[in-house]
J.: 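Below: one structure in structure tokens.
What you see below is based on every heavy atom in this structure, not just the backbone, and it leaves out hydrogens, waters and symmetry mates.
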Amino acid sequence: MGDIAIRVENISKRYRIGLKEQAHDTFMGALADLVRQPLKNLKNLRRLTSFDDNSDDSDDVIWALRDVSFEMEVGEVLGVVGKNGAGKSTLLKILSKITGPTYGRASIRGRIAALLEVGTGFHPELTGRENIYLNGSILGMTKREIDLKFDEIVSFAEVEKFIDTPVKRYSSGMRVRLAFAVAAHLEPEILLVDEVLAVGDVAFQRKCLGKMDDVSSEGRTVIFVSHNMGAVSRLCHRGIFFDEGRVMAVGPIDTVIEQYTSHVLDKTQDYAFTPDPAKPIQFTRFQILNEKGEVSTYIDRLEDTVFELEYIVRRKIDGAAVRIMLDGIDGTLICRSADMDWAPGHYIVREPGIYRSRVVLPGKILNTGAFQLRLIINKIGVVYDRQGPFYFDLSDKGTFFSLGGPRGKARPGLMAPEIVKWETAKVGNGRGDN
Amino acid sequence: MTIDDKSVGSTDGKSKRAVTVNVIKPASGWAAIRLGEFLEYIELLYFFTWRDIKILYKQTILGFTWAIINPLFQMIVFSVVFGRLARIDSDGVPYPIFSYTALIPWTFFATALTFSSVSLVSGANMIGKIYFPRIVLPLASTLAKLVDFFISFFFLAILMLYYGITPTWNALALPLLVLIMVFCASGAGIWLSALSVQYRDIKHANHFVVQILMYSAPVVWPVSKVPEQYRLVYGLYPMAGVIEGFRSSLIGTTPMPWDLIAVGGVSATLIFISGLFFFYRMERYFADVA
């Protein structure tokens with residue numbers, strides 16, 4: 001021990017995001033654009049692969065990583081934590097050679113394998129058997145290695161009966177199990193894993209966890225990226241905490257998790273708004289609270305989320321509504337709600353004064369992820385005040401099993417409600433046609 | 001990015017196995033063509049080729065018969081339009097077999113080019129998630145089309161029996177022609193696949209470019225139409241020598257066009273090698289841009 005497996009020195013990575021479009025407002029302008037646009041497009045597309053033409057602080061350039069340096073010893077398991085977009089995945093992509101750094105260098109001793117996704121290269125038309133060979137060889141196994149491990153992979157994935165069925169006929173659970181099984185049988189000296197571990201049902205997750213334990217106890221060097229603090233603290237020795245592309249902390253895993261959590265909670269979700277006496281009614285304060293009444297960006301999705309808003313009424317107002325607008329981070333509309341929904345006759349007369357509303361969004365309805373909330377006070381034809389968007393995250397911090405578990409991240413969709421009930425009863429013996 | 005692979009002895013003393021050290025650093029300008037790394041991944045080339053062959057005719061009724069149907073129907077159309085109506089000279093052999101013999105290498109070239117030029121874009125998800133030498137993708141797409149090529153070749157044998165035509169001894173040169181054909185198709189495919197990662201125009205232009213390439217190749221007309229003084233310049237188009245070579249060796253229309261084949265072989269090699277250099281230069285952007 002004591003040998004350095006990975007040494008990262010001042011790695012930076014620059015990306016160019018979105019190509020800005022200029023709108024034209026006349027027909028002739030649009031016509032002229034038909035001619036001009038190809039040239040402009042060419043310039044924009046060329047810029048995707050060249051950065052020389054402008055300075056670094058141009059507004060469509062972002063630094064996914066900035067001056068990242070760290071070392072890892074052989075056999076160490078490093079947990080990488082940070083919010084979405086902090087640069088965790090970019091780091092793995094650079095270390096696994098998927099993309100190159102803009103500056104800096106890294107040296108890696110040993111055969112490396114990266115799992116940024118389960119089932120990369122799976123083809124739905126191919127059978128389970130064929131996909132094992134294809135996926136295995138994409139992950140860097142030789143045909144001989146796959147031959148040797150084939151039976152083990154199939155029984156780990158529990159798909160023996162369907163091994164010669166095209167994968168498109170598999171249930172999503174089976175597909176994920178097969179994909180993970182192939183990945184789990186990789187034997188690199190260094191393994192990079194990006195939150196792909198716990199997939200499938202609880203029993204299978206337990207198996208994956210066991211496999212990960214094996215990997216780390218076999219003395220392999222592992223970098224593990226996850227949002228799941230339970231899994232990170234269980235599997236990793238050391239941690240590294242990223243924010244906006246920079247390393248904020250490196251050290252023993254528990255210390256790093258503590259720093260990370262407090263950093264996230266420091267981002268206050270308590271907003272005060274500048275008073276404007278011209279407005280007859282106006283928001284003065286807004287807070288996002290967890291079930292315990294603490295101000296928090298990270299909220300357990302199994303618990304209630306509380307939006308506490310205060311507004312001042314300066315002059316008597318009839319018939320206005322105080323509303324919240326809840327959307328997904330991509331703008332997908334989730335729901336709209338107003339205080340007058342609850343008022344008798346759906347009509348409120350507001351006398352001057354300061355008011356406080358608590359809006360409770362019950363737990364176990366929204367899925368994990370980031371959401372945005374906007375506030376508005378209006379009545380037909382008049383907008384008195386608006387604020388936001390405010391962002392908040394719902395997480396499923398709980399245990400290793402809850403990550404991507406039955407109601408966790410692996411499920412797509414903005415909602416993961418428990419009100420969808422299943423009741424199944426045996427209604428026949430299955431023999432004969434009735 | 002540049003990767004220096006070198007092996008050094010393990011320092012922990014317990015294991016005698018050499019340890020690979022990868023150095024990752026920013027790259028600029030022309031990159032080396034990493035042949036050693038490519039050879040390490042040769043099995044992946046095999047698996048991708050095999051995948052492309054497997055999935056091509058999945059869930060079709062006619063399966064690999066399609067490999068014959070496509071050139072066959074083109075042959076019928078060409079025979080009616082160019083053979084009957086336009087009465088294009090076919091070097092003294094029946095027009096159907098004249099055009100079918102050309103359509104075998106041509107169909108390979110056209111489908112391989114189309115298929116490999118989109119290979120990186122359709123594999124974009126994979127490229128963003130795992131590292132392997134990207135060159136494997138367009139090469140596999142080209143190689144997979146060889147299956148269709150051999151099947152349609154088989155059908156030519158039946159046509160030749162029907163017309164009572166025997167191949168000449170020059171048919172022994174066919175492997176060389178096939179090699180030039182593969183070099184030309186994969187070379188052009190490598191160029192276009194790397195370009196289309198950044199410029200999706202390639203995908204839209206593909207259809208008519210292939211059309212233009214076909215009419216400029218001696219598919220529906222014989223090379224004897226090309227004025228003598230331009231013959232060698234025309235030979236720079238590698239498919240000219242390949243197609244004419246197929247005709248001469250199999251149905252004996254003209255003497256073997258060794259001049260065209262030699263010039264075409266050189267230019268196919270140049271297309272291939274320049275394609276490789278371009279590809280390895282652009283490769284570092286694929287994951288970010290695709």
J.: More than 12 non-hydrogen atoms from neighbouring residues, nucleotides or ligands closer than 6.0 Å to CH2 on B:W50, yes or no?
T.: yes
J.: List the atom of B:F47, the atom of A:L134, and the distance in Å for their closest heavy-atom pair.
T.: O-CD1, 3.9 Å
J.: Could you look at A:K143 and say if it's the side chain, the backbone, both or neither that has a heavy atom under 4.5 Å from chain B?
T.: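 Its backbone and side chain both get close to chain B.
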J.: I'd like to know which of A:S89, A:A114, A:G104 tops the heavy-atom pair count under 4.5 Å against chain B.
T.: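 Among the listed options, the one with the most contacts to chain B is A:G104.
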J.: Hey, is CD1 on B:I212 packed in by over 12 heavy atoms from elsewhere, all under 6.0 Å?
T.: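 Enclosed: over 12 neighbouring heavy atoms sit under 6.0 Å from CD1 of B:I212.
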J.: Using heavy-atom distances under 4.5 Å, tell me whether A:S12 contacts chain B through its side chain, its backbone, both, or neither.
T.: neither
J.: Which residue out of B:G128, B:A287, B:G123 racks up the most heavy-atom pairs below 4.5 Å with chain A?
T.: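 Ranked by heavy-atom pairs under 4.5 Å with chain A, first place is B:G128.
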J.: Look up atom OH in B:Y131 and atom CG in A:L139, then write down how far apart they are to the nearest 0.5 Å.
T.: 15.0 Å
J.: Looking at every non-hydrogen atom in both residues, tell me the closest pair between A:P101 and B:K25 and how far apart they are.
T.: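 In terms of heavy atoms, the two residues are closest at CG-C, 4.0 Å.
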J.: Does B:K58 use its side chain to pair, donor to acceptor, with the backbone of A:E125 at less than 3.5 Å?
T.: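 Pair found, side chain donor or acceptor close to backbone of A:E125.
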J.: Kindly give the heavy-atom pair with the smallest separation between B:R134 and A:I98, and that separation in Å.
T.: NH2-O, 3.6 Å
J.: Do the side chains of A:T99 and B:F286 get nearer than 4.5 Å, heavy atoms only?
T.: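 Heavy-atom side-chain distance check fails, nothing below 4.5 Å.
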J.: Could you check whether any side-chain heavy atom of A:T102 comes within less than 4.5 Å of a side-chain heavy atom of B:P26, counting everything from C-beta outward?
T.: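 Not in contact.
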J.: With the side chain counted from C-beta on, respond yes when A:L116 and B:I130 share a heavy-atom pair under 4.5 Å apart, and no when they do not.
T.: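 A side-chain contact is absent here, since even the closest heavy-atom pair is not under 4.5 Å.
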J.: Tell me every residue that passes ring-ring contact (aromatic ring centres under 6.0 Å, His included) with A:H123, counting only those two or more places apart in sequence or in another chain.
T.: none
J.: Taking A:R14 first and then B:D288, would you say they form a salt bridge - that is, a charged N and a carboxylate O separated by under 4.0 Å?
T.: no
J.: Kindly indicate, with the supporting measurements, whether the criterion side-chain contact (heavy atoms from CB on, under 4.5 Å) is fulfilled by B:F48 and A:I138.
T.: CA-CA 9 Å; B:F48 273 132; A:I138 292 173; 3.9 Å; yes
J.: So do A:R105 and B:I24 actually touch side chain to side chain, heavy atoms under 4.5 Å?
T.: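 The answer is no; the side chains never approach within 4.5 Å.
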J.: Locate the shortest heavy-atom distance separating A:L126 from B:K54; write the atom from each residue and the value.
T.: CD2-CB, 3.7 Å
J.: Within a radius of less than 6.0 Å around NZ of A:K168, do more than 12 heavy atoms belonging to other residues, nucleotides or ligands occur?
T.: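 Atom NZ in A:K168 is crowded, with more than 12 foreign heavy atoms closer than 6.0 Å.
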J.: Nearest 0.5 Å, what's the NZ-CZ distance between A:K97 and B:R284?
T.: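 Rounded to the nearest 0.5 Å, the NZ-CZ separation comes out at 15.0 Å.
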J.: What's the spacing between A:F122 CZ and B:M126 CE if we round to 0.5 Å?
T.: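 Here the rounded value is 12.0 Å.
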